[in-house]
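Heads up, the thing below is written out as structure tokens.
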Amino acid sequence: MGEDGPAAVRVWPSILAADLADLAGAARAVEEAADGLHVDMMDGRFVPNLTVGPPVLAHLRRHTRLALEAHLMVEEPEALLEPLQRAGAQRVVVHAEACRHLQRVLSRVRALGMQAGVALNPATPVEWLTWVADDLDAVLVMTVNPGFGGQRPIPAAFDKVARVRAWARAAGRSDLAVAVDGGIDGEWAVRAVRAGATDLVAGTAVFGEPSPAQAVARLREAAGKADRPVPGRA
Ligand code: DX5
Ligand code: ZN
């Protein structure tokens with residue numbers, strides 16, 4: 001945190017809500033407004049849906065300068081790590097529930113030069129992070145059960161954001177990015193930021209709007225109005 005107060009929240013539009021036949025256009029629409037793009041990868045096993053994989057991210061890489069984050073809603077995500085590095089991903093987020101050897105997966109992501117994130121389903125306890133505190137760059141708190149865009153958030157997930165922040169501080173990791181994902185609009189963004197979120201993932205609230213860039217700006221504005229917890233004390 002600088003002298004000017006807490007850093008601004010980061011906004012990651014989720015391309016799941018964009019026109020999947022025009023991802024270059026989706027990237028262009030938020031190129032100047034967003035902090036990065038969130039790419040939801042689903043395997044039809046971990047979640048009952050199928051989306052895209054590393055080859056699509058590789059193509060997207062050629063059309064945008066934005067950071068690309070792969071959210072892997074897949075079983076055995078380790079098989080995708082090298083393909084994602086070759087494709088140009090900056091951050092890989094794996095589900096704790098999908099990894100038999102979570103620490104190994106996270107350290108592999110970092111060894112490949114990417115940032116490592118862990119996503120927690122709504123029913124997964126924060127304690128699952130305890131023994132990987134030093135292997136992470138980001139925690140993604142799922143505010144819906146993963147698999148589909150456009151769902152309504154589960155209120156308890158926002159209490160969990162506060163728990164993740166408290167846990168990170170106690171673990172000496174106040175620097176961790178804490179993201180929320182699922183049903184985030186302006187109102188839920190305020191709740192998330194009040195609870196300690198530093199990053200917002202939003203699909204429908206961005207690409208479901210006539211101007212995705214303005215929608216990102218509105219999310220930032222809403223987040224800016226939240227009374228944010230002060231790192232170190234929150
Ligand atoms: C849900 C995905 C989310 C989702 C977000 O399984 O992980 O990233 O696409 O989209 P909205 O904001 O529409 O819930
Ligand atoms: Zn996601």
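Everything quoted here is computed from the prediction, not taken from an experiment. In each ligand, atom 1 is the first atom listed, and ligand 1 is the first ligand listed.
The shortest N or O to N or O distance between Gly150 and ligand 1 is below 3.5 Å. Backbone and side-chain nitrogen or oxygen atoms of Gln151 are examined, and none is located within less than 3.5 angstrom of a nitrogen or oxygen of ligand 1. The shortest N or O to N or O distance between Met142 and ligand 1 is not under 3.5 Å. Polar contact check, Asn145 against ligand 1: no nitrogen or oxygen pair lies under 3.5 Å apart. In terms of N/O distances under 3.5 Å, ligand 1 is approached by Gly203. Looking at ligand 1, you'll find an N or O of Gly147 within less than 3.5 Å of one of its N or O atoms.
When the options Gln85, Glu82, His101, Gln103 are evaluated for a side chain to side chain donor-acceptor pair (under 3.5 Å) with Arg108, the one that passes is Glu82.
Of the heavy atoms in Asp181, only side-chain atoms (C-beta onward) come closer than 4.0 Å to ligand 1. With a heavy-atom cut-off of 4.0 Å, Ser14 touches ligand 1 through its side chain alone.
Around the Zn ion (ligand 2), the protein atoms of type N, O or S that sit closer than 2.8 Å are His38 NE2, Asp40 OD1, His71 ND1, Asp181 OD2.
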- Task: In sequence, state the C-alpha distance, the side-chain angles, and the governing distance for His71 and Met142, and then conclude on side-chain contact (heavy atoms from CB on, under 4.5 Å).
- Result: CA-CA 11 Å; His71 175 192; Met142 290 308 300; 3.5 Å; yes

- Which is it for Arg191 and Glu187 under the salt bridge (Lys or Arg N to Asp or Glu O under 4.0 Å) test, yes or no, and what are the steps along the way? CA-CA 7 Å; Arg191 277 183 75 161; Glu187 280 178 40; over 6 Å; no

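Ionic pairing of Asp35 and Arg220 is present here: one or more N-O contacts between side-chain nitrogen and carboxylate oxygen are shorter than 4.0 angstrom.
Around the CD atom of Gln151, the shell of radius 6.0 Å holds more than 12 heavy atoms that belong to other residues, nucleotides or ligands.
Close contacts between ligand 1 and Gly182 involve ligand atoms 14 (O) [criterion: under 4.0 Å to a heavy atom].
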